[in-house]
Amino acid sequence: MKDQRILLIISGGIAAYKSLELIRRLREQGATVRCILTQAATEFVTPLSVAALSAQPVYTEIFSLKDESEMGHIRLSREADLVVVAPATGDILAKMVLGIADDLATATLLATNRPVLVAPAMNVHMWHNPATQRNIAQLQKDGVTIVGPAEGPLADGEFGPGRVVEPPVLVEAIRGKLAGLAADDSSAPLRGARVLVTSGPTHEAIDPVRYIANRSSGKQGHAIAAALARLGAQVTLVAGPTQEPNPPGVQTVAVESASQMLAACQAALPTDIAIFAAAVADWRVAEASGDKIKKGATAPSLHLVENPDILATIATAGPRRPKLVIGFAAETDTLIDNARSKLARKNCDWIVANSVARGAVFGQADNLVHLVTASGVEDWPRLSKEEVAERLARRVTDWMKTSGNKDAG
Ligand code: CTP
């Protein structure tokens, strides 16, 4: 959600306090959050706490000289990627349906040309009231996304649907909506492109409880999948075990071992592009024990066999080979030479080479990489893994424009 701008309209209900956590979580994901509070909302949360959490001025009144001079409701409504109403009371939903604009929140909703997502919160009888149900149906027809309400005990002691969805669920819905908007955007430069990305480590079982693994966090591969999806690509992410959340708008296939990763990659073909960021274990135990190995007089010895090379297999897949195949090279020494020989040996088009000397990369936020292609080496500056992902996604976009329908070069 980096660099995404969200206009959050908080209307007056007991659930308004949850918007504070929503703001915090959205900002943690890199979004800028501007807030409008209705008059009733200020009875439940103070503009001061909303301003402190959002680190932005808070807007409350349509005729406030100060608000209007700094930012009118038209600008507020336009300078957002998404307008979110949370919590949305029955009253504000009804006003949205009728186009009533009698305060800053509703005037902004009437003026906006941006997509709108609402998270209703009200008493169960208010929710079931035919008027609310009519309004919800109309809002859906008008293209508004409705998230929730959730079911459970309500503040007034009753039980049923009416609770605003919890902040983590709402954050996911917002992420999904933003990713969907990117994919629907016909100007999205990678619209229509199919991409396979591998990410994370693999776990190779020794017995049911032990495994061989490595220090890969999956941060880089996941960031690449997310960056490509933001540009409109249709991305399949084959991910080994990681703590990273599934990127929004990406089809994620979770695997454990190298063999499973290869099978999932082959199942994802055909694609136009394939990017292999996973740190695949080079070896697996020839025969993993079905039972937990017990301690004995002597330590067991493990017979290792080589894993399939997923990148090399896909890069030599004949007619099913993606047109652009990008590998990673994690090296501790003679970085560029090793990357060049990997480029040839694995039959790939580009190699993103990074130094892993002294564990410099694994789990870290940034990365120092070089892009090695047949035509030369580009030295990139030290960048965050998100920035590396963005830059690689832009390079892929350039490639699509110039040689997407010819050979990779
Ligand atoms: N790779 C793969 N399958 C493997 C091993 C590696 O797909 N079994 C891919 C990685 O995802 C990466 C590239 O190959 O894109 C290079 O990985 P790296 O670990 O640097 O190379 P290795 O093949 O292990 O070669 P070496 O041991 O010589 O460094």
Side-chain angles (χ1 to χ4, degrees), residues 195-205 211-225 228 235-242 244 253 255-269 271 273-286 304-317 320-322 324-363 367-374 377 385 388-389 392 395-396 408:
V195 190
L196 163 68
V197 181
T198 69
S199 181
T202 62
H203 286 184
E204 309 298 331
Y211 55 83
I212 298 174
N214 60 61
R215 294 183 191 280
S216 169
S217 64
K219 280 189 172 42
Q220 187 62 82
H222 278 56
I224 291 169
L228 293 163
V235 184
T236 303
L237 173 66
V238 179
T242 85
E244 289 295 298
V253 183
V255 297
E256 293 240 331
S257 66
S259 313
Q260 289 169 357
M261 187 172 272
L262 175 61
C265 287
Q266 282 168 326
L269 294 182
T271 63
I273 299 155
I275 304 179
F276 297 88
V280 183
D282 289 314
W283 303 279
R284 68 176 184 279
V285 177
L304 300 180
V305 291
E306 202 171 320
N307 264 331
D309 191 308
I310 299 165
L311 163 56
T313 309
I314 303 288
T316 51
R320 283 165 72 79
R321 180 193 193 273
L324 179 65
V325 175
I326 307 174
F328 271 68
E331 307 289 349
T332 50
D333 52 5
T334 44
L335 184 63
I336 303 298
D337 284 352
N338 276 334
R340 277 215 179 91
S341 69
K342 237 168 235 182
L343 188 82
R345 185 159 39 89
K346 301 203 181 197
N347 192 35
C348 53
D349 303 299
W350 302 352
I351 286 267
V352 181
N354 59 354
S355 168
V356 289
R358 296 178 299 282
V361 173
F362 293 119
N367 216 348
L368 185 64
V369 307
H370 312 266
L371 185 68
V372 181
T373 69
V377 179
K385 288 185 177 172
V388 169
L392 188 63
R395 283 294 265 106
V396 167

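Note that ligands are numbered from 1 as they come in the structure, with each ligand's atoms numbered from 1 the same way.
Put simply, the side chain of Asn214 gets close to the backbone of Ser216: a donor and an acceptor are under 3.5 Å apart. A donor-acceptor pair under 3.5 Å is formed between the side chain of Arg284 and the backbone N or O of Glu306. Remark: the backbone N or O of Lys385 is paired with a side-chain donor or acceptor of Gln220 at under 3.5 angstrom.
Taking every heavy atom of both residues into account, Met261 and Ser199 meet most closely at CE-O, 3.8 Å.
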Pairs under 3.5 Å, nitrogen or oxygen of ligand 1 with protein nitrogen or oxygen:
{"residue": "ligand 1", "atom": "3 (N)", "partner": "Ile310", "partner atom": "N", "Å": "3.0"}
{"residue": "ligand 1", "atom": "7 (O)", "partner": "Ile310", "partner atom": "N", "Å": "3.4"}
{"residue": "ligand 1", "atom": "7 (O)", "partner": "Leu311", "partner atom": "N", "Å": "2.8"}
{"residue": "ligand 1", "atom": "8 (N)", "partner": "Pro308", "partner atom": "O", "Å": "2.9"}
{"residue": "ligand 1", "atom": "11 (O)", "partner": "Phe276", "partner atom": "O", "Å": "3.3"}
{"residue": "ligand 1", "atom": "11 (O)", "partner": "Ala278", "partner atom": "O", "Å": "2.7"}
{"residue": "ligand 1", "atom": "14 (O)", "partner": "Lys346", "partner atom": "NZ", "Å": "2.8"}
{"residue": "ligand 1", "atom": "15 (O)", "partner": "Phe276", "partner atom": "O", "Å": "2.6"}
{"residue": "ligand 1", "atom": "15 (O)", "partner": "Phe328", "partner atom": "N", "Å": "2.7"}
{"residue": "ligand 1", "atom": "15 (O)", "partner": "Phe328", "partner atom": "O", "Å": "3.2"}
{"residue": "ligand 1", "atom": "20 (O)", "partner": "Ala330", "partner atom": "N", "Å": "3.1"}
{"residue": "ligand 1", "atom": "20 (O)", "partner": "Lys342", "partner atom": "NZ", "Å": "2.7"}
{"residue": "ligand 1", "atom": "21 (O)", "partner": "Lys342", "partner atom": "NZ", "Å": "3.0"}
{"residue": "ligand 1", "atom": "23 (O)", "partner": "Lys346", "partner atom": "NZ", "Å": "2.5"}
{"residue": "ligand 1", "atom": "24 (O)", "partner": "Asp282", "partner atom": "OD1", "Å": "3.0"}
{"residue": "ligand 1", "atom": "24 (O)", "partner": "Asp282", "partner atom": "OD2", "Å": "3.3"}
{"residue": "ligand 1", "atom": "29 (O)", "partner": "Lys342", "partner atom": "NZ", "Å": "2.9"}

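To the nearest 0.5 Å, atom CD1 of residue Ile336 and atom NE2 of residue His370 are 5.0 Å apart.
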Where do Lys342 and Glu331 land on the salt bridge (charged side-chain N to carboxylate O under 4.0 Å, His left out) test, with the steps shown first?
-> CA-CA 11 Å; Lys342 237 168 235 182; Glu331 307 289 349; 2.5 Å; yes

